[in-house]
Chemist: 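Take a look at the following structure, please.
Values below: every heavy atom of this structure, side chains too, minus hydrogens, waters and symmetry copies.
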Amino acid sequence: MFRPVSNKLDVPALEREVIERWRERDTMSRYLARNDGSDRRFSFIDGPITANNPMGVHHAWGRTYKDLFQRYHTMLGEKQRYQNGFDCQGLWIEVEVERQLGFNNKQQIEEFGIDRFVELCKERVAKFAGIQTEQSKRLGYWMDWDNSYYTNSDENNYTIWAFLAECRRRELLYRGHDVMPWCPRCGTGISNMEAAEGYKDVRHLSVTLRLPITSPDHDGEDLLVWTTTPWTLSSNVAAAVHPGLTYQLVEGRDGRRWWVSSGSKARVAGDAAVIREAPGAELVDLTYSGPFDHFPAAEGVAHRVIPWSDVSDAEGTGIVHIAPGCGQEDFALSKVHGLAVVDPIDQFGVFGDGFGWQTGRYAGSVPDASEDLARDVAADLDERGLLVAKESYQHSYPHCWRCGTQLIFRLVDEWFIAMDPLREPIGDSTRSATWLPEGIGLEERELDWLRNMGDWMISKKRYYGLALPIWECTDCDGWEVIGSKEELRERAVTGWEEFEGHSPHRPWVDAVEIACSACGGVARRTTDVGNPWLDAGIVALSTLKWNTDREYWREWYPADLITESFPGQFRNWFYALLTESTVMTGQAPMRTLFAYALMRDEHGEEMHKSKGNSIPFDEAADRIGADVMRWMFAAANPAVNLNFGYGPGHEVVRRFFLPLWNTYGFLVTYARIDGWTPDQLDGVEAARTFLDRWILSRLDGLVGEVGEGFAGYDAHRATRAIEAFVDELSNWYVRRNRRRFWKGELDADKRAAYATLYEVLTTLCRLMAPITPHLVDAMWDNLVAGVSDDQPDSAHLASFPERIEGRADADLDASVDLVRRTVALGRAARSATALRTRQPLRAARVKLPAGREAFASDPRIDAELRQQIREELNVHEIDFIPDESEMVERTLYPLLPVIGPRHGASVGAIMAGVRSGAWSLNEDGTATVGEATLQPDEFQLTARARPGHEVAEEGDVLVALDTEIDDELATEGLAREVAHRLQALRKAAGYEISDRIRVGIAAEPEVADRLESHRAWLADELLAAELALGPEAAVGDADAAETADLDGVTVALSVARA
RNA sequence: GGGCGUUUAGCUCAGCUGGUUAGAGCACUGCCCUGAUAAGGCAGAGGUCUCUGGUUCGAGUCCAGAAACGCCCA
């Protein structure tokens, strides 16, 4: 016997119960092991979650996909690895630990001790990995949690060593001297792909200044330059012009004359008189005096004009200030033109010696204007008469993606992986994978990034992260890459003892010195750590034991699926994965990449902690439950941003969870009353009704649809199909079958009803198991596990449903569809009559679509369907309306795609003629509309309602009602009304559905007489053991009573328990 | 600055290769129904389909231009 089901659905409470049951029964372990013996594989590689904070709801979106696709393949019987991953190294963690310790810069870390700092970083990731593990379990994410991978593991780090050694072997790795974006707070370079993440609009003080030309024959002439980074002016060595642009010498202030490009002249110099024009090429090689030539750092710098085709005059003056120590393009130009390179600032963004008053000052922009260097530069220039203009200028500027500090560009030595030789092979890998969802150009976006990608800067001047296995000789220029721990042990000259027993992290690994293979000198490890995307990108190799068990790797590589949110990952994880895997294996690490967009709040706004609209995972799990979230995530269109919030969450509960839960509750309620159990199947097949076969047909279609959806990583499609099915189940199948469950004895018909609904619900449990594991198992435990010994005790140990031959029946589906349309139209017509639905009517008249003569071709089924319509509409008869009926008129419907090309300009006239009724049919099958003749293939005839009848129509179906009420109908309506009132009293008295009662109906004799003819029906309807009817009729000890006025008829009603 | 995308009801979004009167869900209003339902049904209100021009018998849909917003790149 089933346990009773509460009609209140509290999802979080239900989930807690289910989780407790799973714990008691060790369900998850059995799930993880259930396919151990299978020879089929589904390989999923998890993209590591940053173990740096508790999860937000946005993490739960991706984890829902990861879980549900794995669950689906588990139910198909495929063996899997179920390995979750944590991202555990990198600047993001250092920044949080610094914040905890109250540190602001690197010196404080070094004073604190790198070893202690690194230990704190490790502790932090361990702590949050633990928290995220618990949160993931709360989500219902079933993974092999004791076997999670951590990117700070030895395995991961040493696999990257092997990768870098391979890069070295193929001469892809190099030490570069270049200008890179630099975070002065973190004291480290930022790779271009990270910098791309942090562009924000900010205002900077921009200045326009004059640079006096020192070449002969240019006395009194200045070059006008404009810059948004005044701090770089003291490093100026050149001014660039576009050789093809036209430049103008114009009248300036204080008797000076200024050179500007013609395109910028109006903006920069207004209507100043033009003295002469010259192409940019003519200005090349002119010399000028720099803005800060009196600083020692500028000593010996010969400032001159150089040509540069990237100069534009859309902004500024068309003459660009060049400081090779402060800009990437500037540095590249310095190589081309042999310019001096002035390198002004240190790792903290502070000017070094030789920069006069700027020495010791911070170069970057600061919030406090009084300390802003740009302001002081402008004032200095103004004092010396060099400032022409200044303004606050808004532009998009890179910021540190972890700490938010504005980046500055700085000359550094960093390690790079050359991309040119890799573009093609990585492109091939990219193209070999399937990128889903389709239609949003995911693959093309990855390829676009690959085409434009600069060399990958992999080093960071930090403390906690991958120790780059690069040893640099202290005597010669030599450097080498160590590919493994074993190799390091062999090569170690000193420091091995200090390192042994530690993870390959700073500071321990820094102690190891080797002998330079070129000169024999002492080689020390570069103190740089690695870019964290190396860590995440290697997991397709490291977690599959590339270094230690190549057989295992072959078994699982490439992955069938990886999945991650796509904005941002093209240049991060996807890119790193493809690069590292392609270098090492020559192929992509995945067959399919399924990606999804970003989560927004329910109004479409970006979620931010600071805005207060971000939702912590725990809060959402407590308030609406994991399964509600999971359903929303699975139902989302992954191609577009998901608007998530409690409002939409409650809507899911109301619209979908409740009807499903109540359907389940309905089955259990009546099965308990009847003592029905799932083994009671006598005569069920033969007794199945039309509607039973219909819902099973729909179920079969659903099984196919959901399976295809999951197999194609289209959870959206699966959820849509399930929602539509549950609506049909609840609002048609159950609604139409209520009485079968309600009526007297447990016969074959009733068993068929139970068996059908039972099969539908248990199949739904298995179909939905990957999406809503808790809800489904709550139902499964009661419906299956509690009553059957030969079934798994959890839906998650069951197999995924398969289609059943012969179940799907398109005719059934079409017939029910027609019935439902007919009922909907009948209701619309009823609404128009102002007669309440409880009042029976004599007949509904139905005009069926052309070519249909009945609701079903089988007369028995047709009769069943007509009976359903009668009940729904409360009418006695269903008649059909022939085309010739006076209620119907025929309408000509021209087929526009056909007549358009043939009749051209007269289409408008034809349509007008049809609308006004000015058309006629001809003997030969053509039709005449106004002047035009339509051929038989150019139109269709359709029946439409003739005005003046109470009808409703939609498309090719029309329903009209006979609204005449005779005495018999009126009396029946009265009985229905009385029954309705008494049912309300039953409810008010708090009776159970199956309680037998006594009923009293007091009414004047004439009314009592009328009701007498419906006595048996009333008693049956109300489960009344006694029914007193007469002028004074009443029951003793009434639990509830009411005197009702029914359209002028007064009745006194009372009920009591039998 | 370059590339891509979006713009349809109060909100979130569908509208396939051009075709009768542009749809759905939510929210709103009214009515109906109810012993499975925090449910259901019917109806209503709500639209210059961002704008301008073009192609066409016919444009939300195709073309050109503009605007706003967003994303990517620089």
Chemist: What's the CG-P distance between A:Leu450 and B:rC72, to the nearest Å?
Modeler: 17 Å

Chemist: Using a 4.0 Å heavy-atom cut-off, does A:Tyr670 contact any base of the nucleic acid, only the sugar-phosphate backbone, or nothing at all?
Modeler: sugar-phosphate

Chemist: Are any of A:Arg654's side-chain N or O atoms less than 4.0 Å away from OP1 or OP2 of B:rA39?
Modeler: yes

Chemist: Given B:rC33, B:rG35, B:rC73, identify the nucleotide with an atom nearest to the side chain of A:Thr837.
Modeler: B:rC33

Chemist: Separation of A:His980 atom NE2 from B:rC32 atom C1', in whole Å?
Modeler: 11 Å

Chemist: Which value, in whole Å, describes the distance between the P atoms of nucleotides B:rG35 and B:rA43?
Modeler: 24 Å

Chemist: To the nearest Å, how far apart are A:Glu446 CD and B:rC4 P?
Modeler: 19 Å

Chemist: Applying a 4.0 Å non-hydrogen cut-off, can you work out what A:Ser906 is touching in the nucleic acid: base, sugar-phosphate, or nothing?
Modeler: nothing

Chemist: Provide the distance between the two P atoms, one in B:rG41 and one in B:rU34, to the nearest whole Å.
Modeler: 15 Å

Chemist: Go through the side-chain N and O atoms of A:Glu872 and A:Trp732 and say whether any donor and acceptor fall under 3.5 Å apart.
Modeler: no

Chemist: What is the separation between atom CZ on A:Arg717 and atom C1' on B:rA14, rounded to the nearest whole Å?
Modeler: 18 Å

Chemist: Roughly how far, to the nearest 0.5 Å, is the CZ atom of A:Arg655 from the CG atom of A:Asp727?
Modeler: 9.5 Å

Chemist: If you only use heavy atoms from C-beta on, which nucleotide in B:rC32, B:rA38, B:rG35 is closest to the side chain of A:Tyr991?
Modeler: B:rG35

Chemist: Roughly, in whole Å, what's the span from CG in A:Leu660 to P in B:rA36?
Modeler: 17 Å

Chemist: Using the C1' atom in both, what is the distance from B:rC16 to B:rA59, to the nearest Å?
Modeler: 16 Å

Chemist: Taking atom types as modelled, is there a side-chain donor on A:His321 or A:Thr232 under 3.5 Å from an acceptor on the other?
Modeler: yes

Chemist: Would you indicate what A:Arg655 reaches in the nucleic acid, counting non-hydrogen atoms under 4.0 angstrom: base, sugar-phosphate, or nothing?
Modeler: nothing

Chemist: Can you confirm whether A:Met180 sits close enough to A:Ile190 that some side-chain heavy atom of one is under 4.5 Å from a side-chain heavy atom of the other?
Modeler: no

Chemist: Which of the following nucleotides, B:rA43, B:rG25, B:rC57, is nearest to the side chain of A:Ala828?
Modeler: B:rA43

Chemist: Could you tell me whether the side chain of A:Ser730 has a donor or acceptor atom within less than 3.5 Å of a complementary atom in the base of B:rA36?
Modeler: yes

Chemist: Report the nucleotide, chosen from B:rU37, B:rC42, B:rC57, that has the shortest atom-to-atom distance to any side-chain atom of A:Asn731.
Modeler: B:rU37

Chemist: Choose from B:rC73, B:rG19, B:rG41 the nucleotide whose nearest atom is closest to any side-chain atom of A:Leu896.
Modeler: B:rG19

Chemist: With respect to the phosphate group of B:rC33, does any side-chain polar atom (N or O) of A:Arg838 fall under 4.0 Å of OP1 or OP2?
Modeler: yes

Chemist: Assess, by modelled atom type and distance only, whether the side chains of A:Arg720 and A:His716 contain a donor and an acceptor separated by less than 3.5 Å.
Modeler: yes

Chemist: Identify, between A:Arg820 and A:Leu729, the residue whose nearest nucleotide on RNA chain B lies closer to the 5' end.
Modeler: A:Leu729

Chemist: Considering only atom C1', compute the distance from B:rG47 to B:rU21 and round it to an integer number of Å.
Modeler: 13 Å

Chemist: Cut-off 3.5 Å, side chains only: do A:Asn874 and A:Arg830 have a donor facing an acceptor?
Modeler: no

Chemist: Under 4.0 angstrom, heavy atoms only, what part of the nucleic acid is A:Gly900 near: base, sugar-phosphate, or nothing?
Modeler: base

Chemist: Touch check for A:Thr669, heavy atoms < 4.0 angstrom, all strands: base, sugar-phosphate only, or nothing?
Modeler: nothing

Chemist: Using a cut-off of strictly less than 4.0 Å, decide whether A:Arg735 has a side-chain nitrogen or oxygen near OP1 or OP2 of B:rG35.
Modeler: no

Chemist: For nucleotides B:rG5 and B:rC42, find the distance between their C1' atoms and express it as a whole number of Å.
Modeler: 41 Å

Chemist: Can you check the distance between B:rG3 and B:rU8, where both ends of the measurement are the C1' atom (answer in whole Å)?
Modeler: 26 Å

Chemist: Is there a side-chain polar atom (N or O) of A:Arg986 under 4.0 Å from OP1 or OP2 of B:rG35?
Modeler: no

Chemist: Mind running salt bridge (Lys or Arg N to Asp or Glu O under 4.0 Å) on A:Arg998 and A:Asp1039 for me, showing each step along the way?
Modeler: CA-CA 10 Å; A:Arg998 291 176 287 131; A:Asp1039 293 313; over 6 Å; no

Chemist: Name the nucleic acid region contacted by A:Gln983, choosing base, sugar-phosphate or nothing; use a 4.0 angstrom heavy-atom cut-off, strictly under.
Modeler: base

Chemist: Please give the distance between the P atoms of B:rU7 and B:rC49 as a whole number of Å.
Modeler: 14 Å

Chemist: When we call it a touch if two heavy atoms are under 4.0 Å apart, what does A:Ala984 touch: a base, just sugar-phosphate, or nothing?
Modeler: nothing

Chemist: Measure the distance from CG on A:Asp1020 to P on B:rG35 and round it to the nearest whole Å.
Modeler: 15 Å

Chemist: Measure CG/A:Leu447 against C1'/B:rC72 and give the value in whole Å, please.
Modeler: 14 Å

Chemist: Could you state the atom-to-atom distance from CD of A:Glu723 to P of B:rC26 in whole Å?
Modeler: 11 Å

Chemist: If you measure from the P atom in B:rG23 to the same atom in B:rG46, how many Å do you get, rounded?
Modeler: 14 Å

Chemist: Please determine, for B:rG23, whether a Watson-Crick or G-U wobble partner exists with both distances under 3.5 Å, and give it or none.
Modeler: B:rC13

